[in-house]
S.K.: 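My questions will all concern the structure given below.
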Amino acid sequence: MKPIIEAHRGYSGVYPENTLLAFEKAVACGAPSIELDVHVTKDGEIIVMHDANVKRTTSGEGEISALTLAEIKKLDAGQWKGFSGVTVPTLAEALALTDSSNVHYNVEVKRFGDDGTAARKLYKLLIDHAPTDGPHVVSSFDLQALLDVRKAGTKIPLCILGSKANELLPIAKDNKFQWIHSHFSTVDQAFVDAAHAAGIKVMIWTVEVADYQKFADMGVDKICTNWCKEMLALQ
Ligand code: G3P
Ligand code: MG
C-alpha cells in the first residue's frame with residue numbers, strides 16, 4: 001500500500017498556506033487529503049490559520065481570539081507570498097471543497113475554548129461535509145482538545161500529534177486513538193511496526209520530497225508535505 005499524500009496547509013510549498021487557493025491547488029494536483037490548522041475567533045467562529053496571531057500570514061495584526069470573523073475577513077492572506085485577492089477561510093468554507101471534490105481533511109486543532117462549544121461545532125461541520133468514502137480526521141498536540149471532540153461524537157477518527165513518536169504510542173493506546181501523527185525525525189521501522197501491531201496508523205510530518213521513498217518503504221500510512229504535487233509524482 002502506498003502512503004496517502006496529505007497537503008500540509010494545502011499546496012503550501014507554492015501557494016499561501018491555509019487558504020482556499022492552496023486547498024484548491026492541492027485538489028487540482030490530485031491530493032487525496034489536506035491538513036489545515038484551526039483557531040476560534042472572538043465571536044466563536046472556527047477559522048483556518050496556523051499561528052495564534054494573524055501577523056505572519058496576513059496584512060493585519062492581533063490575536064485571533066481578540067478579533068471577530070468580520071475583522072479577519074478584511075485581511076489579505078496572500079500578499080506575503082505574492083498572491084492577490086486571497087482571504088482567510090472559515091473551516092466551513094474549506095470543507096465545502098469536499099462537497100465538490102471529495103477531498104479529505106485532517107483538521108489540526110490549535111486552540112479551542114473551554115466549554116466544548118467549538119468542539120461540537122467542529123464535529124457537526126465534519127459530519128455535514130463528510131467525504132463519501134470515509135471520514136475526515138481531527139488531530140491535535142492537545143490531548144484535551146481530542147477528548148472534547150470525542151465528547152461531541154465518535155464518528156471522527158482522532159490523531160495524537162507530537163514530535164517524539166515513542167511518547168505518542170502509549171497515549172494513543174490508552175485513549176484508543178486511531179492515528180499517531182509524529183514528526184518524521186523520530187519515526188523508524190521499529191516504531192511503525194509497533195504502532196501497526198497495536199492497530200494504530202502512522203502519519204509523519206512535514207516531509208521533503210527526497211525522503212518520500214524511505215518512509216514509503218517503512219510502511220507509514222500517510223505523509224504530510226508542503227510539496228504535494230511533487231510527491232504525488234513519485235507515486
Ligand atoms: O499536523 C502536522 C503539522 O501541521 C503539525 O505542526 O506546526 O505545522 O501545525 P504544524
Ligand atoms: Mg498543522
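Numbers here simply count residues along the sequence, with the first being 1. When a ligand or atom number is given, it counts from 1 through the structure's own listing order. Everything quoted here is computed from the prediction, not taken from an experiment.
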S.K.: Are R56 and E17 within salt-bridge range, i.e. N to O under 4.0 Å?
M.R.: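 Counted as a salt bridge, because a side-chain N and a carboxylate O are separated by less than 4.0 Å.
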
S.K.: Does the separation of the ring centres of H183 and W205 fall below 6.0 angstrom?
M.R.: yes

S.K.: Can you work out which protein residues put a heavy atom within less than 4.0 Å of ligand 1?
M.R.: H8, R9, E35, D37, H50, E108, K110, F141, L161, W205

S.K.: If we ignore hydrogens and angles and just use 3.5 Å, is the side chain of S140 paired with the main-chain N or O of I160 as donor and acceptor?
M.R.: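 Absent.
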
S.K.: I'd like to know if the side chain of N53 and the backbone of G62 have a donor-acceptor N/O pair within less than 3.5 Å.
M.R.: yes

S.K.: Does the pair K110/E108 count as a salt bridge with the N-to-O cut at 4.0 Å?
M.R.: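 Yes.
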
S.K.: Check the pair E35 / K222 against salt bridge (charged side-chain N to carboxylate O under 4.0 Å, His left out), numbers first and verdict last.
M.R.: CA-CA 11 Å; E35 187 263 4; K222 190 161 70 171; over 6 Å; no

S.K.: List in chain and number order the residues that pass side-chain contact (heavy atoms from CB on, under 4.5 Å) with L234, two or more places apart in sequence or in another chain; answer none if no residue qualifies.
M.R.: V209, Y212

S.K.: Taking the Mg ion (ligand 2) as the vertex, measure the angle between atom OE1 in E108 and atom OD1 in D37; round to 10°.
M.R.: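 Vertex the Mg ion (ligand 2), arms to OE1 of E108 and OD1 of D37: 90°.
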
S.K.: So which of the N, O or S atoms of E35 lies nearest the Mg ion (ligand 2)?
M.R.: OE2

